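Below: the structure, in structure tokens.
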2 protein chains.
Amino acid sequence: MSIQLRPIQALRLWQQASLAEVREHRPDLTERQMAILLTIYLDPPPHTVRGLADRLGVTKPVITRALDTMGALKLVSRHRDARDRRNVLVKRTVEGALFVERFGDVVVAKASELPL
Amino acid sequence: MSIQLRPIQALRLWQQASLAEVREHRPDLTERQMAILLTIYLDPPPHTVRGLADRLGVTKPVITRALDTMGALKLVSRHRDARDRRNVLVKRTVEGALFVERFGDVVVAKASELPL
DNA sequence: CATGATCGATACGGAACCGAAACGGTTCCA
DNA sequence: TGGAACCGTTTCGGTTCCGTATCGATCATG
């Protein structure tokens, strides 16, 4: 058994969750930024720029720029890898963890309100 | 009964669907743009700039700019209201309908793959 | 008809984004 | 030890985004 969702429910869920975020004036992240943020918080570390670029199928500058913006928002942080100083390790922050957790709760709440 | 989803599942679902979109090089819409697009396709018409601005809790220029971009992508279209020529009616397009339907299918597919 | 209200669009300066190419720093290895 | 390979960042010109304020067009009202 798995999560059963009809297309119209999936779209309604996405709309309601997105609307809630926009109406509460959360940072207007792009789909790419959201994919990066959730990957950092859901996939096991370590996370590097190259690794994230490969995971998303985009170029490295895309990741660098997204990390710039999300770093300014304190959603992620960057640290040089001491073992291989070419690498940058992307890490979670307290603010980022709170953001992600709260977002998950919003989606759950909107899912529970969906008409069958 | 309603759609039951745990926070970790909600986050995984959002990640997997977003990742799939990014990897297939779909337009990198912002959360605001996605909320506008889904509202146009899910909520009953008519849709005006003012109405969408109120629904999202943002200013009118935000809607105008989003419609500019999504119009260039052929996801929505604009038409003057013949009854009240101050209004602009935002309408669906074939391409937009296909985009939304396909996106719904992606979310459904990712939901069905979620671990319980 | 004139005036005020309402509509969506536009101007502004500033910020973030794009893809492609090049860059400096680090590590690997012949 | 000197390339070659790899890393993340920066640069470039160009586009889109922001919020605030204002615009011209249109409609409703007196």
Side-chain angles (χ1 to χ4, degrees), chain A residues 18 21-37 39-40 45-92 96 99, chain B residues 18 21-37 39-40 45-92 96 99:
Chain A
S18 298
E21 292 290 293
V22 172
R23 293 194 61 89
E24 291 183 26
H25 300 101
R26 305 291 178 191
D28 184 31
L29 301 184
T30 66
E31 193 161 43
R32 286 176 169 186
Q33 290 171 336
M34 201 63 185
I36 294 170
L37 185 66
T39 294
I40 292 168
H47 300 288
T48 64
V49 172
R50 162 67 71 188
L52 291 167
D54 289 346
R55 184 107 164 91
L56 270 74
V58 298
T59 60
K60 291 183 294 177
V62 167
I63 305 297
T64 294
R65 283 186 292 254
L67 295 179
D68 287 345
T69 301
M70 292 194 293
L73 293 171
K74 314 247 189 206
L75 297 178
V76 298
S77 65
R78 278 187 277 202
H79 310 272
R80 275 282 163 199
D81 184 350
R83 301 177 197 282
D84 183 343
R85 296 188 50 75
R86 290 174 299 182
N87 289 336
V88 161
L89 300 180
V90 183
K91 301 201 170 174
R92 305 166 187 172
F99 179 92
Chain B
S18 298
E21 292 290 293
V22 172
R23 294 194 61 87
E24 291 183 26
H25 300 101
R26 305 291 177 192
D28 185 30
L29 301 184
T30 66
E31 193 162 43
R32 286 175 168 187
Q33 291 171 336
M34 201 63 185
I36 293 170
L37 186 66
T39 295
I40 292 169
H47 299 289
T48 64
V49 172
R50 162 67 70 188
L52 290 168
D54 289 345
R55 184 106 164 92
L56 270 74
V58 297
T59 59
K60 291 182 295 176
V62 167
I63 305 297
T64 294
R65 282 187 292 255
L67 295 180
D68 286 346
T69 301
M70 292 193 293
L73 294 171
K74 313 244 188 211
L75 297 178
V76 298
S77 64
R78 278 186 277 201
H79 310 271
R80 275 284 162 194
D81 185 350
R83 302 178 196 281
D84 183 343
R85 296 189 50 77
R86 289 174 300 182
N87 289 336
V88 161
L89 301 180
V90 183
K91 301 201 169 173
R92 305 166 186 172
F99 179 91

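Each chain gets a letter, A, B and so on, in the order the sequences are listed, and its residues count up from 1. Fair warning: this is a prediction, and the values are worked out from it, not measured in the lab.
Look at CG on A/Asp28: it is 16 Å from P on D/dT16, rounded to the nearest Å. B/Asp54 places its CG atom 12 Å from the C1' atom of C/dC7, with the value rounded to the nearest Å. For the pair B/His79 NE2 and C/dA9 P, the computed distance is 12 Å after rounding to whole Å. The nearest whole Å value for the distance from the CZ atom in B/Arg78 to the C1' atom in C/dC7 is 13 Å. Across the protein-nucleic acid pair, B/Leu67 atom CG and C/dC7 atom C1' stand 14 Å apart, rounded to whole Å. Look at CG on A/Asp68: it is 12 Å from P on D/dT11, rounded to the nearest Å. We find that CD1 of A/Ile63 is positioned 12 Å from P of C/dC17, with the value rounded to whole Å.
Neither OP1 nor OP2 of D/dT10 sits under 4.0 Å from any side-chain N or O of A/Thr64. A/Thr48 has no side-chain polar atom (N or O) that falls below the 4.0 Å cut-off from OP1 or OP2 of D/dC7. Distances shorter than 4.0 Å separate none of the side-chain N or O atoms of B/Gln33 from OP1 or OP2 on D/dT16.
Counting only heavy atoms from C-beta outward, the side chains of B/Val62 and B/Leu56 never approach each other to under 4.5 Å. The side-chain heavy atoms of A/Ile63 and A/Val90, taken from C-beta on, include no pair separated by under 4.5 Å. Within the 4.5 Å cutoff, the side chain of B/Leu29 has no heavy atoms near those of the A/Thr30 side chain. The side-chain heavy atoms of A/Leu75 and A/Leu37, taken from C-beta on, include a pair separated by under 4.5 Å.
With sequence neighbours left out, B/Asp84 forms a salt bridge (Lys or Arg N to Asp or Glu O under 4.0 Å) with B/Arg86. Remark: A/Arg85 engages no residue in a salt bridge (Lys or Arg N to Asp or Glu O under 4.0 Å) (not counting sequence neighbours). With sequence neighbours excluded, the residues satisfying salt bridge (Lys or Arg N to Asp or Glu O under 4.0 Å) with B/Arg26 are B/Glu24. Take A/Arg92 and apply the side chain to side chain contact (heavy atoms under 4.5 Å, CB included) test, not counting sequence neighbours, and it matches A/Ile40, A/Tyr41, A/Pro45.
In this structure, B/Arg23 contributes its side chain and A/Arg55 its backbone to a donor-acceptor pair below 3.5 Å.
For B/Asn87, the side-chain atoms get nearest to C/dG8 when compared with the rest of C/dA9, D/dC17, C/dG8.
An angle of 10°, rounded to 10°, separates the two end axes of the helix from C/dC1-D/dG30 to C/dA30-D/dT1, each defined over five pairs.
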Mark up nucleotides 19-30 of chain C, 5' to 3', with B wherever a protein heavy atom is under 4.0 angstrom from a base atom, S wherever such an atom reaches only the sugar-phosphate, and - elsewhere. BBB---BBS---
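Between A/Thr30 and B/Arg80, the residue anchored nearer the 5' end of DNA chain C, judged by the nucleotide with its closest heavy atom, is B/Arg80.
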